[in-house]
Amino acid sequence: PKFSRRVQFWAAIEDGDAPTLCELLTVDPTLIQARNAEGQYALHCAAYCGYKDAVNCLLQAGASANERDAQGDTPLHALSVGSADVEIAA
């Protein structure tokens, strides 16, 4: 079932389904380190799409806002080029 959790995790990210995302991270906290085929972490994807609740869930679960993806970009870079409408607090 670990494989199916990973599939569910990425589906929740793509859908911006924060409740499912938080539940999966509770069951398997190692999912926070998963990368997609482009080398991005879940936080990069959620930030890019502007999924505020998913971003909050990931940060609370321990995702790093400073983590770099395979291209060297941080989640903030993803937020700035995505379709997001999320405020960034200092």
Side-chain angles (χ1 to χ4, degrees):
K2 188 167 188 156
F3 175 74
S4 65
R5 276 198 301 268
R6 189 172 295 259
V7 171
Q8 291 174 336
F9 177 74
W10 285 107
I13 291 296
E14 289 179 14
D15 294 340
D17 184 354
T20 298
L21 183 61
C22 291
E23 180 181 326
L24 288 166
L25 286 166
T26 300
V27 172
D28 186 357
T30 65
L31 289 170
I32 203 75
Q33 291 301 316
R35 291 185 185 227
N36 65 13
E38 289 80 35
Q40 297 171 319
Y41 291 97
L43 185 57
H44 289 81
C45 299
Y48 179 84
C49 293
Y51 295 145
K52 184 177 180 180
D53 292 340
V55 166
N56 287 333
C57 171
L58 290 162
L59 289 170
Q60 289 175 6
S64 172
N66 297 314
E67 194 75 61
R68 295 191 179 270
D69 65 12
Q71 289 75 38
D73 295 332
T74 66
L76 184 57
H77 291 113
L79 176 64
S80 70
V81 298
S83 58
D85 184 21
V86 176
E87 291 182 30
I88 302 170

>> Do L43 and E67 make a side-chain contact, defined as non-hydrogen atoms from C-beta onward lying under 4.5 Å apart?
In response: no
>> Restricting to non-hydrogen atoms, name the atom on A65 and the atom on P75 that form the minimum distance, rounded to 0.1 Å.
In response: O-CD, 3.2 Å
> Taking only residues two or more places apart in sequence, or in another chain, which ones meet Q60 in a side chain to side chain contact (heavy atoms under 4.5 Å, CB included)?
Replying inline: none
> What heavy-atom pair brings L58 and L25 nearest, and what distance separates the two atoms?
Replying inline: CD2-CD1, 3.9 Å
> Which side-chain hydrogen bond (donor to acceptor under 3.5 Å, both in side chains) pairs, counting each pair once, include a residue from residues 68-77, with sequence neighbours left out?
Replying inline: T74-H77
>> Can you tell me how far apart NZ (K52) and CG (L79) are? Round to the nearest 0.5 Å.
In response: 11.5 Å
>> Testing the basics here: between E38 and A70, what is the closest heavy-atom pair and its distance to 0.1 Å?
In response: O-CB, 3.8 Å
>> Nearest 0.5 angstrom please: L21 CG to Q8 CD, how far?
In response: 11.5 Å
> Nearest heavy-atom pair of W10 and Y41: which atoms, and what distance?
Replying inline: CH2-C, 3.9 Å
> Who are the disulfide (SG to SG under 2.5 Å) partners of C45, not counting sequence neighbours?
Replying inline: none
> About how many Å separate OH of Y51 and CG of D17, when rounded to the nearest 0.5 Å?
Replying inline: 10.0 Å
> For the residue pair A61 and I32, what are the closest heavy atoms and their distance?
Replying inline: CB-CD1, 4.1 Å
> What heavy-atom pair brings A63 and L59 nearest, and what distance separates the two atoms?
Replying inline: O-CD2, 3.6 Å
